[in-house]
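For reference, the structure discussed in these notes is given below.
Just so we're on the same page: letters track the sequence lines, and every chain starts at 1.
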Amino acid sequence: MNGDGEMGLIGDTFDEAFLGRDGDGGFETRSPSDNFDASEEDREAEEPPKKKRYHRHTPRQIQELEAFFKEYPHPDEKQRSELSRKLGLESRQIKFWFQNRRTQMKMQLERHENVMLKQENEKLQIEYNNLRAMDPMCNNCGRVALPGEVSFEQNQLKIENARLREELCRVSSLTSKFFVKPLSQSDNPLSTSSKLALAVGRNEICGLGNVGATMPMPKGLGLGDSILSTSPVVTLMKPEMGVIENEMQVDRSMFVNLALIAMDELIKLAQPDSSLWVKGLNGGNDVLNHLEYTRTFRGCIGIKPTGFVTEATRETDVVIINSLSLVETLMDANRWVEMFPSIIARASTVDVISTGLNGNKNGALQVMHAEFQVLSPLVPIRPIKFLRFCKQYAEGVWAVVDVSVDAGSEGSNLNACRRLPSGYLIQDVGNGCSKVTCVEHSEYDDNYVHQLFQPFVNSGMAFGARRSLVSLQRQCESLAVLVSSDISGEENSGITSGGKKNMIRLAQRMIDNFCNAVCASSVRKWDKLRVGDVSEDVRVLTRKSMNDPGEPAGIVLSAATSVWLPVDRQKLFDFLRDEQLRSEWDILSHGAPMHEMLQIAKSRDGRNCVHLLRAGAIDVDVTEKSMLILQETWHDNSGSMIVYAPVELPSIAEVMNGGDPAYVALLPSGFAILPGFPSGHGGSHNCNGMPGNGNIDDDAVGSFLTVGFQILVNRLPAAKLTLESVQTVNTLIACTIQKIKAALKLA
DNA sequence: GGACTAATCCCCG
DNA sequence: CGGGGATTAGTCC
């Protein structure tokens with residue numbers, strides 16, 4: 001029946017009480033089938049004399065309850081009695097269980113929040129101490145320097161320092177090219193044609209074994225043991241029959257090989273005290289030590305193509321998700337995309353080479369294809385085909401590594417990009433949280449990145465580890481907050497939890513749609529328009545929308561552009577999300593403030609939120625004709641978003657009452673804000689030629705604002721696109737940016 | 001001794 | 001009266 005063998009710790013059967021629980025060996029050898037729930041409960045029921053007060057629900061029951069809880073953290077009476085019948089538990093027990101589960105969830109969230117606050121506090125404390133420790137005297141005149149002057153001079157020095165460091169790396173990598181023997185055919189794992197024997201043999205050489213020395217492991221669970229006891233690491237699945245079978249076998253063994261090497265590299269890169277990284281300036285992000293890197297690894301996917309630049313970042317933090325769930329999410333293309341909206345445009349699993357051992361993801365290896373995006377039309381998406389390999393190192397310790405395959409064959413591609421070993425090292429830290437180290441390492445041709453964005457992308461802020469990790473944190477926090485707000489009964493909005501869930505799903509679809517329109521990923525087929533009149537930094541796309549109940553049918557026009565504004569990101573975000581100030585830029589507001597009708601919080605601080613707004617005076621009754629706006633906002637360390645779409649009252653009302661959100665027609669527009677500096681800005685921040693440094697003191701520097709509008713040009717998909725409509729949308733963008741600048745006094 | 005969890009107690013709308 | 005927060009009690013590590 002259920003896959004999980006019953007491990008002794010939860011067992012509470014009658015016999016076990018007499019057998020004693022000390023010998024843990026005894027339980028593990030029991031077959032799962034000789035202890036199933038029905039008989040167990042029967043026995044329990046026949047035991048009236050000493051009715052044990054303490055008792056735990058069986059794993060099967062808990063599993064079912066958990067599954068149900070994921071869907072409905074707040075079951076009604078009917079659902080509860082259904083469950084009680086199905087699981088053979090009293091209805092009150094079900095009630096208690098859910099009650100307890102919800103409070104537990106809430107506590108986890110609170111504790112997690114505490115941890116985060118503490119960390120932030122520590123960070124600030126360190127920063128403060130550093131500032132205190134620095135001599136605030138001005139060298140020239142001896143007077144106490146103003147804080148601004150100090151940081152300016154320091155900034156100059158730091159920038160200079162980074163430039164020199166970078167130059168050193170470049171020079172040393174050049175020299176090493178001449179002095180180190182280049183990769184020959186037989187060295188390159190990609191070109192090896194040996195079969196499985198090699199793959200398994202390689203396992204012992206290439207380091208999964210020697211990783212143990214450097215990985216901090218929980219006591220009693222030496223890495224060596226776990227590797228040895230589970231080797232061979234991967235079990236190959238049978239490839240499909242056919243003439244190409246032999247070739248595929250070779251292919252697959254190459255993949256296994258490459259995956260193992262990549263995993264070894266990831267683990268080394270993820271070590272906290274690794275010499276592969278140098279501390280960034282300002283105690284900021286780690287910067288890859290290219291010299292050390294080329295010395296340690298032999299380039300598992302070959303030499304960097306000429307003209308490519310490198311981008312490498314890593315980041316570590318606590319995330320409110322346990323290792324197992326995170327691993328499951330990463331290994332499932334659909335769930336992965338959902339977890340990283342705005343970063344992963346689409347993903348699919350092309351081939352599964354191994355599904356893993358014993359029903360879990362340990363040893364799972366698959367070929368995937370994904371498109372990575374940054375929310376700007378000026379940064380091309382990165383389509384990448386890669387291996388994703390998952391390995392469990394100990395109880396609660398996992399790693400998932402990606403590495404490009406076929407990078408060569410796509411070399412001619414416009415936005416060619418290679419993913420060097422990148423991924424996640426995940427360690428449970430209790431309380432449903434895990435410590436996640438993210439490594440993002442890639443090489444790409446930055447000629448296809450708009451000049452404005454080159455320093456930003458080079459710095460690793462665009463596709464780097466911080467953005468991945470922060471996005472993961474935000475998404476996980478949202479999930480936790482949603483569950484816990486269900487608990488605390490913040491139902492004053494008058495919306496049911498089902499309706500709330502629907503609204504969130506709808507908003508999620510809205511975000512996806514917006515990202516697609518801005519980034520032009522291949523989720524939908526867009527045609528690019530070239531119109532003489534339109535500024536070349538505005539990208540205009542068009543497509544026909546048909547047979548999708550999720551959007552209005554007709555010809556859709558999408559226009560998007562990005563500009564840099566010398567304004568604090570937070571300020572820009574607060575301005576754009578303020579419904580009272582909306583009339584200052586939004587033509588949909590018809591010059592009047594908007595009003596909030598509904599708010600569904602997705603984070604504690606209220607910045608990540610789904611809103612329902614309404615245009616028009618507040619004292620006018622809401623009628624079927626009222627203009628409503630669905631809006632989602634979020635704001636985190638890596639960027640912010642405000643995305644909205646006009647919606648019709650009847651369809652929204654239906655969704656809130658449990659109707660399917662897939663049938664609400666949406667055509668979203670909105671903004672994405674990214675922290676950073678443009679190329680060539682203001683002299684002191686001219687960071688051209690300062691790549692590979694993920695450390696930008698962001699908010700002080702300014703913001704990139706991406707504006708994306710979608711309009712329905714014609715309700716008939718067959719109609720012709722007119723020049724006027726293109727100009728309309730172009731003007732709309734220009735005016736909106738102008739208005740925003742004016743409102744923020746930047747013009 | 002703290003984390004976890006099933007069950008109680010008790011208050012509030 | 002039912003739900004939910006606070007609390008308790010039994011167990012495991």
Please give, in whole Å, the distance from [N] [atom2] to [X] [atom1]?
| X | N | atom1 | atom2 | value |
| --- | --- | --- | --- | --- |
| A:Asn100 | B:dT8 | CG | P | 11 Å |
| A:Gln93 | B:dT8 | CD | C1' | 14 Å |
| A:Arg92 | B:dT8 | CZ | P | 5 Å |
| A:Gln104 | B:dT5 | CD | P | 5 Å |
| A:Gln99 | B:dC4 | CD | P | 18 Å |
| A:Trp97 | B:dT5 | CH2 | C1' | 11 Å |
| A:Phe96 | B:dC4 | CZ | P | 22 Å |
| A:Gln79 | C:dG3 | CD | P | 12 Å |

**Asked** Which angle, rounded to 10°, do you find between the first-five-pair axis and the last-five-pair axis of the helix from B:dG1-C:dC13 to B:dG13-C:dC1?
**Response** 10°
Candidate nucleotides [options], ranked by approach to the side chain of [X] - the nearest:
| X | options | result |
| --- | --- | --- |
| A:Lys95 | B:dT5, B:dA7, C:dG3 | C:dG3 |
| A:Ile62 | B:dT8, B:dT5, B:dA6 | B:dA6 |
| A:Thr103 | C:dG4, C:dG5, B:dA6 | C:dG5 |
| A:Arg102 | B:dA7, C:dG4, C:dG3 | C:dG4 |

**Asked** So which pairs with a foot in residues 332-344 of chain A pass side chain to side chain donor-acceptor pair (under 3.5 Å), sequence neighbours left out?
**Response** A:Thr329-A:Arg335
**Prompt:** Who pairs with A:Glu440 by salt bridge (charged side-chain N to carboxylate O under 4.0 Å, His left out), at least two apart in sequence or on another chain?
**Reply:** A:Arg419
**Request:** Name all residues meeting the salt bridge (charged side-chain N to carboxylate O under 4.0 Å, His left out) criterion together with A:Lys602; count only those two or more places apart in sequence or in a different chain, and write none if there are none.
**Result:** A:Glu632
**Item:** Partner set under side chain to side chain donor-acceptor pair (under 3.5 Å) for A:Ser603, not counting sequence neighbours
**Value:** A:Asp605
**Asked** What residues form a side chain to side chain contact (heavy atoms under 4.5 Å, CB included) with A:Asn322, not counting sequence neighbours?
**Response** A:Leu324, A:Ser325, A:Asp428
**Asked** Any side-chain donor paired with an acceptor under 3.5 Å for A:Ser91 and A:Ser84?
**Response** no
**Asked** Under 3.5 Å, is there a donor-acceptor pair linking the side chains of A:Gln61 and A:Thr58?
**Response** yes
